[in-house]
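Here's the structure we're looking at; comments come further down.
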Amino acid sequence: MQKNLVIVESPAKAKTIEKFLGKDYRVMSSYGHIRDLSTKELGIDVAHDFKPQYVVPEEKKKLVAELKKASQDAREVLLASDEDREGEAIAWHLSEALELSPDRTQRIVFHEITKPAILHALDTPRGIDINLVNAQQARRVLDRIVGFELSPVLWRKVKPALSAGRVQSVAVRLIVEREREIARFVSEASFRVVASFLLPDGKTLLKAELNRRLKDRDEAEAFLRACQRPEAAFTIEDTTKRPVKKTPAPPFTTSTLQQEAARKLGFSVAQTMMVAQRLYESGFITYMRTDSFNLSDMALTASRQAITEEYGERYHRLRHYHTKSKGAQEAHEAIRPTNMQAPTISAGAQEMKLYDLIYKRTLACQMADAELERTTVSIGIGGLTDKFVAVGEVIKFDGFLRVYRESTDDEPDTPEQETKLLPTVNVGDRLTAREIIATERFTQRPPRYTEAGLVHRMEELGIGRPSTYAPTIQTIQNREYVVRGDKPGEERKFCVLTLADGQIAEEVKRETVGADRNKLLPTDVGTVVNDFLTESFPEVIDYHFTANVEKEFDAIAEGTMEWTEAMDRFYKFFHPIVEKTLAMRTDHRAGERQLGTDPKSGQPVSVKIGRYGPVAQIGQPDPDNKSAAKPRFASLMKTQSIETITLEEALELFKLPRVIGEYEGKEMVAATGRFGPFVRFDGLFVSIPKPLEPTSITPDEAIALIEEKRTKESQRHIKTFAEEPGLEILNGRYGAYIAFEGSNYRLPKDVVPADLTLEDCRRIIAEAADKPKRRVPRRRSNG
DNA sequence: CAGTGAGCGAGCTTCCGCTTGACTT
């Protein structure tokens, strides 16, 4: 009997749906898009209404053939891709590529993978919405034009193999501009005053903070002196109690899951997605690439049941969350456990941790508000209008806090945020000040972005999609526009004035501030590319460019705008700027900076992005005089930047390679290579370790390094065989191994390397060769 | 593994958004 064929996007989804549908249906997966613009060229016929040239990629050909065969065998084909722009386009591409006949093809959509939702979808089929498809084509074509016209401009003006695009270039811009804000930032000092009071009972302490900051040291001292006066009595003037409510965070979307997993579990964005993918494939959670807050009725009911069973009815509160945008295209649910009766699962360690986070967040979002009581105590100072204020908070009913509390990015810096129960006090109580401390505090610079923080900001700007956040972050790092790294903090002095026992003492303390770990930092290349793009293409690199074009895509989807006309308008605006930029003088590279003149040669010194990265240059090539001296080059060190390097620092670079001295009648030379500074001696390379510098290393230091390396080298060779000179047993970083004909072979765990015979070695090599040949997959950055 | 760079010349690089593979280190 002929079955109906249902095509969805994801194989895991296909498996689930097949169970709901029974034997009359066969469910297959398209694994996302099945066709795309040809990658060899622009792939768009600009002159003929931007006609896209779609091709089935090589790796998808087999799948498309299978789908086609299955569709021809089927009674009816039901295209069940997601109900959004991309999903509609997938359905359309399927109908085109599989040559489906319209009378045997239907389009169905569901927003959650539950049996009622799927059965309802089968009852309400529709045709393909060509307006929505056209909106996707517009999006696709625009992204291709932007990416494939901007990138070659960068190859010409900055460096080969760079890339630019609607999404990645704005992501880089966010990081470059944040770094500039940080560089410009000037912190402002003020004094924060905290007092420790003794209550009338003579033993209970109450800590309170002055209700304003004092502007400098003199004002702080004057205030403490005023507190010192006998008439400066401290009296409880007022106490108020106020109920406060806390509401749980909404359920997880891709971006909030990435942020919380980074804060609570220390996961990178890519790691979170990988672990979530495994949870999804094992059936533990719903789809992990979503921007919807929606929860299915089934999930709401199950949450209610789980909460009332575990904590009681009082802890439950039904909440519906709505996605902020127009909401019409809720292709998925929020990320939630598929089974709310399973608080824990058994899986890998990371999977269990992430699941726990998802479970608790989902449960909490269906729980009652937490009820707190905030007590504010205000303490008057005799003769002054200033007051000390103590704030305490008590949880009256924990509600959702019982299971989950959202983290924030702000590091807990000031203890004022810590809230607690205050002792009971009465208005009119006289207090004794044990000590009053005025501490100098500084305003904080803007924070550097973490990966997840960047995703958060991109989502706010509407740039990128749940499926692209992680790959985009990978791309801007692969292009070396941005690196994840650490920045040492700076030591800062601050002043502390303490009034205790009638004395004012002053102390200067030191603290380290602004240290950063694992943050996104712009590189020179990223900075130069960004400055070049913002200068030449300000509209495209604008933070609101995506939001603006999205409005047009919406109009196309609603049928009020022709997609080809939208493209025509954009292209007529954009392409001339590309042409103009390419035609501009080519002798000056973007980001090039003149530093001054080399005192020795009188030649100009400049820095720029060279073919292999940031480089300093003395002299200019002279096209009219081939015999003239060629320019000299020297790569910048990792710690230097073309934006900040000085003439002196640049000239310093040309001192390398440098002859350190002689040893055993041969020259020792210091230089910096791809892997950092090194000493070269008699064909041997020795890295120069940290505190030593290639510009200043002494002959004795270099000899010590060479001897150390020689000792290690002698320990490296464990055994050689006269019959087979190309085969050696060596000692490596991961233990002993066999080196033979350019390949390395691991040794079995239980052997003693020095005891191996040549036969043993040959056997190990032969066994390794039996295994499937190892391919070296050249991992491409993105897509 | 440790270099490189200024012109006759060859050809390549690149976008964003859907979705998982089958490879090891």
Side-chain angles (χ1 to χ4, degrees), chain A residues 8-13 29-37 39-44 59-60 63 81-82 84-90 93 136 139-155 159-169 274 277 280-281 287 289 331 463-469 471-472 475 479 546 586-587 589 608-613 615-617 619-623 626 628 630-635 657 669 671-680 683-688 734 744 746 771-777 779-783:
Chain A
V8 295
E9 289 176 43
S10 142
K13 200 174 181 178
S29 164
S30 75
Y31 292 81
H33 276 294
I34 53 150
R35 300 201 304 187
D36 192 15
L37 298 173
T39 49
K40 289 187 181 64
E41 57 282 300
L42 187 63
I44 300 160
E59 67 271 18
K60 287 266 177 172
L63 170 71
S81 45
D82 295 343
D84 55 15
R85 205 160 64 198
E86 297 297 328
E88 203 68 20
I90 288 173
H93 278 299
Q136 193 273 349
R139 198 280 304 156
R140 182 69 192 90
V141 165
L142 180 126
D143 281 338
R144 170 54 69 87
I145 290 172
V146 170
F148 273 40
E149 295 214 351
L150 280 189
S151 300
V153 177
L154 295 181
W155 305 342
K159 192 173 109 112
L162 294 178
S163 65
R166 174 178 58 83
V167 172
Q168 60 169 282
S169 296
M274 205 176 71
Q277 174 86 32
Y280 167 67
E281 284 172 7
Y287 197 58
R289 290 187 276 261
I463 298 165
R465 302 283 308 134
S467 66
T468 60
Y469 294 139
T472 300
T475 298
R479 299 275 172 277
T546 291
T586 50
D587 56 334
R589 285 290 203 73
K608 66 179 182 187
I609 302 293
R611 214 182 306 169
Y612 311 105
V615 68
Q617 175 179 348
Q620 288 293 328
D622 185 351
K626 287 203 173 140
K630 283 188 174 182
R632 295 162 59 210
F633 295 92
S635 290
V669 178
T672 299
R674 255 214 298 174
F675 310 103
F678 64 93
V679 174
R680 194 178 66 228
L684 187 73
F685 292 91
V686 191
S687 292
I688 299 178
Y734 309 113
N744 297 337
R746 205 197 301 203
K771 289 187 181 170
K773 204 169 171 190
R774 157 187 107 147
R775 284 219 321 265
V776 187
R779 276 210 70 85
R780 304 315 308 268
S781 49
N782 184 12

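Quick note on labels: first sequence line is chain A, next is B, and so on, each numbered from 1.
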Assign Arg140(A) to base, sugar-phosphate, or nothing according to its heavy-atom contacts below 4.0 angstrom with the strands shown.
-> base
Stems involving DNA chain B, each a run of at least 3 consecutive Watson-Crick or G-U pairs under 3.5 Å = none
What does Gly464(A) touch in the nucleic acid at a heavy-atom separation under 4.0 angstrom: a base, only the sugar-phosphate, or nothing?
-> sugar-phosphate
Quick one: is dG17(B) close enough that its OP1 or OP2 comes under 4.0 Å of any side-chain N or O from Arg35(A)?
-> no
Under 4.0 Å between any heavy atoms, over every strand shown, what does Gly165(A) touch: base, sugar-phosphate, or nothing? Just pick one.
-> sugar-phosphate
Select base, sugar-phosphate, or nothing to describe what Gln617(A) touches, counting heavy atoms under 4.0 Å on all strands.
-> base
dT13(B) phosphate, OP1 or OP2: any side-chain N/O from Ser151(A) under 4.0 angstrom?
-> no
Look at the side chain of Arg139(A) against the base of dC16(B) and say whether a donor-acceptor pair falls under 3.5 Å; ignore hydrogens and angles.
-> yes
Report yes if a side-chain nitrogen or oxygen of Gln168(A) is closer than 4.0 Å to either non-bridging phosphate oxygen (OP1 or OP2) of dC16(B); otherwise report no.
-> yes
Under 4.0 Å: is that the gap between some side-chain N or O of Arg144(A) and OP1 or OP2 of dC16(B)?
-> no
Report yes if at least one side-chain N or O of Tyr469(A) is closer than 4.0 Å to OP1 or OP2 of dG17(B); otherwise report no.
-> no
May I ask you to say what Leu162(A) touches in the nucleic acid, namely base, sugar-phosphate or nothing, with a heavy-atom cut-off under 4.0 Å?
-> sugar-phosphate
Select base, sugar-phosphate, or nothing to describe what Pro11(A) touches, counting heavy atoms under 4.0 Å on all strands.
-> sugar-phosphate
Ser29(A) side chain to Glu9(A) backbone, donor-acceptor under 3.5 Å | yes
Tell me what Glu59(A) touches on the nucleic acid: a base, only sugar-phosphate, or nothing, going by heavy atoms under 4.0 Å.
-> nothing
Which pairs, protein N/O on one side and nucleotides 2-5 of chain B N/O on the other, fall under 3.5 Å?
| residue | atom | partner | partner atom | Å |
| --- | --- | --- | --- | --- |
| dA2(B) | N1 | Ser687(A) | OG | 3.2 |
| dG3(B) | O6 | Arg674(A) | NE | 3.2 |
| dG3(B) | N1 | Arg674(A) | NE | 3.2 |
| dG3(B) | N2 | Arg674(A) | N | 3.1 |
| dG5(B) | O3' | Arg611(A) | NH2 | 3.2 |
| dG5(B) | O6 | Ser635(A) | OG | 3.1 |
| dG5(B) | N2 | Arg611(A) | N | 2.8 |
| dG5(B) | N2 | Tyr612(A) | N | 3.2 |

Ser163(A) vs dC15(B): side-chain N/O to OP1/OP2 distance below 4.0 Å | yes
Does Ser10(A) have a side-chain nitrogen or oxygen under 4.0 Å from the phosphate oxygens OP1 or OP2 of dT19(B)?
-> no
Give a yes or no on whether a salt bridge exists between Asp82(A) and Arg289(A), defined as a side-chain N under 4.0 angstrom from a carboxylate O.
-> no
Phosphate-side-chain proximity, Arg479(A) and dT14(B), N/O vs OP1/OP2 below 4.0 Å | yes
Assign Pro160(A) to base, sugar-phosphate, or nothing according to its heavy-atom contacts below 4.0 angstrom with the strands shown.
-> base
Tell me, please, which residues at least two apart from Arg166(A) pass salt bridge (charged side-chain N to carboxylate O under 4.0 Å, His left out).
-> Asp143(A)
